Amino acid sequence: MTHPSSATPSSAAGGCPVGGTGAVALSGPGFHTEPQELYRRMRREHGPVVPVELHGGVPAWLVIGYRELHQVTSDGELFPRDVSLWNQWENIPADWPLLPMVGTPMPSIYFTAGAEHRRHVDMVVPALEAMDPFEIRQHCEQLADRLIDAVCTRGTADLVAEYAEPLPVLVLARLVGFPDEEGADIARVLKDLADGGPGAQKAHQRFGEHMHRLVAAKRELPGDDVTSRMLAHPEPFTDEEYALDLMAITAAGHLTTADWIGNSTRLMLTEDQFADSLAGGRHSVAEAMNEVLWEEGPTQILAGRWAARDARLGGRHIARGDLLLLGLGAANADPHIRQQVSAHAVRSGHGGNSAHLAFSHGEYRCPFPAQEIAETIARTGLEVLMDRLPDLELSVPASELVRRPSAFLRGTTALPVRFTPVRTTGDAL
């Protein structure tokens, strides 16, 4: 890295993580409360490519310019998603807390590059594309009703813990081929992983064990599910590769979709222009979802890309092996793109959806079938919630809602609500 390595490390950062001309410590409460204000200051003080420091003083570049991020994600040869290129490996301890997010070399769709990445894409994407959208919606409606039935008679709920977080993983578990009884345990495993606490390593092991058992079961008895279609792909893969790809599909779709639901619900409960969503305004649900992708995307910062050779980007010298973090949330707020996309297009969804970077861009973006599955789960989950509990309101002041303590992820840790108690569906699901 060419930016200063002596800047204040993240562990010592005080109130404001942006200061002077040195590296920005990528932590602190500002990322949880007013990230867009911090991104504006970064842009003003550092330009579109910002020198940053991760936990333990590990250096990286944060790309916050829309055009620069587009350039990085469009050039998979110069900036591949190949973590083996990283020039900091000798400085990374085995227990570095961001290692699961940055990744290590492994044979999965998420941590391979070039021809090997495309080989995995050619197997995974058709398996996702073959999912019937009506079947996905049916699964989502059934599971959403089940979750709401668990809380609807008491008149209060935490919509994050009791609805937004479990719903996506329960649906995804069904889609990849798990019976419902295993889906509940996978939901617990992924929550432990997302929390990043002392149980994260054990949870990751359990997650892998679930997927290896699923691969073995579907070899014996294939079904109409993603795993069986992956196994039917003509090119052979190892069981480890199948399991890792299934872990990537499930993990990538879990918390991002959960936060999409949670952030959209929060918006509809706190912003007047979306209030009619609570009275069955379906169009406003779509508007709120689109607004979230622009303003509060679940993934604010994505790791990463690594420079295959020395390069120039946004006026910065990027050395071979440097880590570039994709500032998706900041790039969506870049004045250059916001001037080109009218406020009406951004907020209404008419012409604005295709320009945001919430799903990243380029060869390594979230595959389109996965985006469609996430949108179906989020929209169906929101619509069922509004239909079943139409008089939802926050049970605490909006100012007391707490954001996830992460510069990388944008979600609410809890969303306590009250509503008029209603009867359960009584359906046998």
Side-chain angles (χ1 to χ4, degrees), residues 60-61 63 68-89 92 99-131 175-176 204 207-208 211-212 214-215 218-219 225-253 256 299 302-313 318-326 328 357 359-374:
W61 298 103
V63 184
E68 289 75 17
L69 198 147
H70 199 276
Q71 178 182 343
V72 169
T73 54
S74 297
D75 194 339
E77 291 189 7
L78 179 56
F79 300 110
R81 192 169 64 197
D82 187 353
V83 67
S84 67
L85 296 173
W86 201 7
N87 54 23
Q88 294 295 312
W89 274 121
I92 304 300
L99 199 57
M101 188 169 291
V102 174
T104 55
M106 64 180 68
S108 83
I109 188 172
Y110 198 83
F111 294 111
T112 51
E116 183 62 15
H117 172 71
R118 290 188 288 273
R119 187 174 77 95
H120 283 263
V121 168
D122 289 343
M123 181 261 289
V124 171
V125 170
L128 295 175
E129 284 177 333
M131 288 302 309
L175 298 185
V176 300
H204 188 270
F207 192 24
M211 293 307 179
H212 278 282
L214 178 63
V215 170
K218 293 301 177 180
R219 281 193 187 281
D225 52 66
V226 171
T227 303
S228 298
R229 287 190 287 273
M230 287 168 56
L231 289 168
H233 185 74
E235 185 170 350
F237 289 76
T238 67
D239 282 3
E240 180 189 18
E241 288 174 316
Y242 288 125
L244 288 171
D245 282 346
L246 288 165
M247 291 170 72
I249 292 168
T250 309
T256 52
T299 303
L302 184 65
R305 303 290 188 271
W306 288 264
R309 59 181 184 274
D310 288 359
R312 296 288 295 178
L313 180 71
I318 310 298
R320 183 180 184 275
D322 279 359
L323 166 61
L324 294 98
L325 302 170
L326 308 182
L328 305 180
L357 294 168
F359 295 106
S360 190
H361 174 74
E363 179 182 0
Y364 303 108
R365 72 184 183 278
C366 177
F368 286 120
Q371 295 180 33
E372 293 170 350
I373 291 171

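Along the sequence shown, the residues carry numbers beginning at 1. Below, all heavy atoms of this structure are taken into account, side chains as well, without hydrogens, waters or symmetry copies. All values reported here derive from a predicted model rather than from experimental measurement.
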Check your understanding: If you measure from CZ on Phe237 to CG on Leu244, what distance do you get to the nearest 0.5 Å?
Key -> 12.0 Å
Review point. If you round to the nearest 0.5 Å, how far is CG of Leu323 from CD of Gln88?
Key: 9.0 Å
Point to revise | Met106 side chain near Met247 side chain, heavy-atom distance below 4.5 Å | key: no
Check your understanding: Quick one: are Pro367 and Val124 in side-chain contact, heavy atoms under 4.5 Å?
Key -> no
Point to revise | Exam field: side chain Trp86 to backbone Thr104, donor-acceptor pair closer than 3.5 Å | key: no
Study note, to complete from the structure: For Trp61 and Asp322, the nearest pair of non-hydrogen atoms, with its separation, is NE1-OD2, 3.0 Å
Review point. So do the side chains of Met131 and Arg229 get within less than 4.5 Å of each other, counting heavy atoms only?
Key: yes
Revision key, fill the gap. Heavy-atom nearest pair, Asp82 first then Ala113, reads CB-CB, 4.0 Å
Exercise for review: Go through His117 and Tyr110 one step at a time and tell me if the side-chain contact (heavy atoms from CB on, under 4.5 Å) criterion holds.
Suggested key: CA-CA 8 Å; His117 172 71; Tyr110 198 83; over 6 Å; no
Review point. Hey, is CD on Glu77 packed in by over 12 heavy atoms from elsewhere, all under 6.0 Å?
Key: no
Check your understanding: Above 12 or not: heavy atoms from other molecules or residues under 6.0 Å from CZ of Arg320?
Key -> no
Study note, to complete from the structure: Taking every heavy atom of Ala308 against every heavy atom of Leu85, the minimum-distance pair comes out as CA-CD1, 4.1 Å
Check your understanding: Are Glu240 and Pro107 close enough that some pair of their side-chain heavy atoms sits under 4.5 Å apart?
Key -> yes
Practice item. Look up atom CD1 in Ile249 and atom CD1 in Ile109, then write down how far apart they are to the nearest 0.5 Å. Key: 6.5 Å
Review point. Has the side chain of Ser74 got a donor or acceptor atom that lies under 3.5 Å from a matching backbone atom of Gly362?
Key: no
Point to revise | Residue of the set Leu302, Leu328, Leu69 for which side-chain contact (heavy atoms from CB on, under 4.5 Å) holds with Val63 | key: Leu69
Review point. What's the spacing between His70 NE2 and Ser360 OG if we round to 0.5 Å?
Key: 10.0 Å
Exercise for review: Before giving the answer on side-chain contact (heavy atoms from CB on, under 4.5 Å), spell out for Arg219 and Val215 the whole-Å C-alpha distance, their side-chain angles and the decisive distance to 0.1 Å.
Suggested key: CA-CA 6 Å; Arg219 281 193 187 281; Val215 170; 4.2 Å; yes
**Study point:** Steps toward side-chain contact (heavy atoms from CB on, under 4.5 Å) verdict (Leu246, Lys218)
**Key:** CA-CA 13 Å; Leu246 288 165; Lys218 293 301 177 180; over 6 Å; no
Review point. Minimum heavy-atom separation for Ala307 to Ala319, with atom names?
Key: CB-O, 3.5 Å
Exercise for review: Check Leu325 against Ala303 and note the closest heavy-atom contact, atom names and distance.
Suggested key: CD2-CB, 3.7 Å
Review point. How far apart are the C-alpha atoms of Arg305 and Tyr364, what are their side-chain angles, what is the distance that settles it, and do they pass the side-chain contact (heavy atoms from CB on, under 4.5 Å) test?
Key: CA-CA 10 Å; Arg305 303 290 188 271; Tyr364 303 108; 3.4 Å; yes
Exercise for review: Establish, from distance only, whether the side-chain atoms of Ser108 and His120 form a donor-acceptor pair under 3.5 Å.
Suggested key: no
Review point. Within the distance-only criterion (no hydrogens, no angle test), does the side chain of Glu68 pair as donor or acceptor with the backbone N or O of Leu313 below 3.5 angstrom?
Key: no
Check your understanding: Closest approach of Cys366 and Gln371, non-hydrogen atoms and distance?
Key -> O-NE2, 2.7 Å
Check your understanding: Which distance, rounded to the nearest 0.5 Å, do you find between the CE of Met211 and the CG of Asp245?
Key -> 10.5 Å
Practice item. State the CG-CD distance between Leu128 and Glu372, to the nearest 0.5 angstrom. Key: 10.0 Å
Review point. So, do Asp225 and Val176 sit near enough that their side-chain heavy atoms are less than 4.5 Å apart?
Key: no
Check your understanding: Do Arg118 and Glu363 touch side chain to side chain, with heavy atoms closer than 4.5 Å?
Key -> yes
Review point. Does any non-hydrogen side-chain atom of Trp89 lie less than 4.5 Å from one of Val83?
Key: yes
